[in-house]
Structure formats: C-alpha cells, structure tokens
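Here's the structure, in structure tokens; my notes come after.
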Amino acid sequence: MKILEINHCKKQFDGVEVLKDISLSVKQGQVVSIIGPSGSGKSTLLRCATMLETMDGGDLIYLGQYAVRDEEGKARYASPQELREIQQYFGLVFQNFNLFPHYSVLKNIMDAPVHVQKRNKEEVRNEAFELLKKMGLYDRADAYPHQLSGGQQQRVSIARALAMKPQILFFDEPTSALDPELTGEILKVIKSLAAEHMTMVIVTHEMAFARDVADHVIFMDGGVIVEEGCPADVISNPKNERTQAFLSRFQS
C-alpha cells in the first residue's frame, strides 16, 4: 500500500527553481533516505511533502487522498478541512527539536493528541509514558527542554511525533544539530523504529546509517532526483557521476 505519492512536484523561490519535477512514492513499512549536497532541495522537498511550503505544481497524495492536485501546471490544494485530516497521517521531526520551552517533557508529548485529536487525556498520558520508556527518558517526564541534552530533546521530539500515531514519519536531518556522540543515540532510536516497520522518510548526511537502515535511497542534486534505488546500488555502487563525486567525500 502506498502511504505517500508525490508526482511532478515543482517549487520556486524568487524565480529560482529549487525543485524541478520531483516524483516519488513511499510504501507502508518502507524506510526511504534522501541524500545529497547542501542546497540540492532535500529539505524543501520534505517541507512541501509536510505542507510547510506550498508546491507550485504537482500532486501530493496521502493514502490515496489528494492534498494537492495539479491542474494545468498549477498546484490546487484541498479544502482546509481535508488538509487537517490529511495532516494527521504524518509526523515531522525537525533538526532543531522545536519543543515548547515552557512545557514539561510530558506536556510537550501530550498536548497535540489531547487538543488536536481530542483523545482521552488519561489514555494519552499512559501512551506518553510508554513512549518515554521506549526513548529511555521515563524519569524525565517532569523536566523542561532546557534541562535536557540535545540528544534527549531530539528523543522527546520523536516521542511527540509518535504520540500522534502517524502513518508516516519524516525526519529532516535529525542529527545535524547534535554532537557526534549524541548522534548515535538518535540513529539507534530510528533503527529501532525501522525494525518495527514504521514508515519513514529521512533526509540525512549520515551515509553509513542510510546504507544500513534504508530500503530505498534517493540522491538529489540541483533540485532533481539524479539516482535512486536500493542502498547497495546507490551508496555502494553508484552509476551516476554526480552521485559518485558526492559519495567520494564520505569515503575514508
């Protein structure tokens, strides 16, 4: 089953084409890594997929439901009510955690399920503690973000995204704001989610991680998909010269 389909996505900023005709799909349980140099359009693609940026053209489809439909080269968005429904299908983990500083860890996790999804508070609370246990943060429920390390804050933001029970989880360079020793703990959490068949799209510059965890790797450069396929092909044996040049920087 396809969770996400993007067809012919286009995006410009000030007349500069940042995304040029990008198409991809993500099946249930699949882990897709998007790699490529800075400025290649990876984060913009993720922001278009999660509706933080508006697409200029193309289709955006979640579970067969159109969030954006291309009409004569222009992107037409669904009604606000439909978009609210579609937004429940995905979660997003940012580079910089984006936690509410004045909320405790527990309140950060519980807030959206209770107020947006209108779910039972006690049930959400129990689930939040289960997620904290899974993240190794059970004893930090009453702490505030400033009292946590960067790695702990990122684990809270993953728990917060999971609390909404999304069908697909997006990660935008989830380790780029972290010290190398904290990077490992986040990659371990994402690996454990992959083992549970969580559907994920991960923009990352951690090549070894992309090779080990992803089912499908997409290499972007200059706003286009240059090469894609299984990690063994794209990362270990790239065909395209641009992919080879990019990956040569990561080889010791």
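Starting from 1, each residue takes its place in the sequence as its number. None of these values were measured; they are calculated from a predicted model.
- Each side-chain hydrogen bond (donor to acceptor under 3.5 Å, both in side chains) pair with one or both residues in residues 224-237, not counting sequence neighbours, appears once here: His216-Glu228, Glu227-Thr243.
- In this view, Arg119 and Glu127 satisfy the salt bridge (Lys or Arg N to Asp or Glu O under 4.0 Å) rule, not counting sequence neighbours.
- Through direct or relayed side-chain contacts under 4.5 Å between Ile, Leu, Val, Met, Phe, Trp and Tyr, Tyr66 connects to Ile61.
- Sorted by first then second residue, the ring pair (Phe, Tyr, Trp, His ring centres under 6.0 Å) pairs that include residues 104-128, not counting sequence neighbours, number zero.
- Residue pairs satisfying the side-chain hydrogen bond (donor to acceptor under 3.5 Å, both in side chains) criterion with at least one member in residues 177-204, sequence neighbours excluded, are listed as follows: Lys134-Glu196, Arg155-Glu185.
- Side-chain contact check for Val189 versus Gln154: every heavy-atom pair is 4.5 Å or farther apart.
- Scored by the ring-ring contact (aromatic ring centres under 6.0 Å, His included) test, Phe100 finds Tyr103 as partners (sequence neighbours excluded).
- Ile225 and Phe170 end up in the same hydrophobic cluster when Ile, Leu, Val, Met, Phe, Trp and Tyr side chains are linked at under 4.5 Å.
- Under the rule for a salt bridge (Lys or Arg N to Asp or Glu O under 4.0 Å), the partners of Glu130 that lie at least two apart in sequence or sit in another chain are Lys133.
- To the nearest 0.5 Å, the span separating NZ on Lys11 from NZ on Lys20 amounts to 15.5 Å.
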Distance-only check: which donor-acceptor pairs under 3.5 Å involve side-chain atoms of residues 70-80, not counting sequence neighbours?
unit_1	atom_1	unit_2	atom_2	d
Asp70	OD1	Gly73	N	2.9
Asp70	OD2	Gly58	N	2.6
Glu71	OE1	Arg76	NE	3.2
Glu71	OE2	Arg76	NE	2.8
Glu71	OE2	Arg76	NH2	3.3
Tyr77	OH	Met55	N	2.7
Ser79	OG	Glu82	N	3.2
Ser79	OG	Glu82	OE1	3.1

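- By the salt bridge (Lys or Arg N to Asp or Glu O under 4.0 Å) test, Lys121 is found to be paired with no residue, residues two or more places apart in sequence or in another chain being considered.
- Between the CD1 atom in Ile158 and the CD1 atom in Ile109 there is a gap of 11.0 Å [rounded to 0.5 Å].
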Anything under 3.5 Å between a donor and an acceptor, one on a side chain of residues 23-37, the other on a protein residue two or more places apart or in another chain? List them.
unit_1	atom_1	unit_2	atom_2	d
Ser23	OG	His8	N	2.8
Gln30	OE1	Lys27	N	2.9

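- A 4.5 Å side-chain heavy-atom check between Ile190 and Phe209 finds at least one atom pair inside the cut-off.
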I would like to know whether Leu4 and Phe90 meet side-chain contact (heavy atoms from CB on, under 4.5 Å); could you show each step before the answer? CA-CA 10 Å; Leu4 169 68; Phe90 61 79; over 6 Å; no
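- Closest non-hydrogen pair, Ala159 versus Leu131, comes out as O-CD1, 3.5 Å.
- Applying the side-chain hydrogen bond (donor to acceptor under 3.5 Å, both in side chains) test to every pair with at least one member in residues 35-46, sequence neighbours left out, gives these pairs: Ser43-Asp172.
- Sequence neighbours left out, the pairs with a member in residues 85-98 that pass side-chain hydrogen bond (donor to acceptor under 3.5 Å, both in side chains) are Gln65-Glu85, Gln65-Tyr89, Gln88-Gln117, Gln95-Ser176.
- For the atom pair Gln153 CD and His146 NE2, the distance stands at 10.0 Å (nearest 0.5 Å).
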Give the intermediate values and the outcome of side-chain contact (heavy atoms from CB on, under 4.5 Å) for residues Leu52 and Phe94. CA-CA 12 Å; Leu52 292 172; Phe94 299 90; 3.9 Å; yes
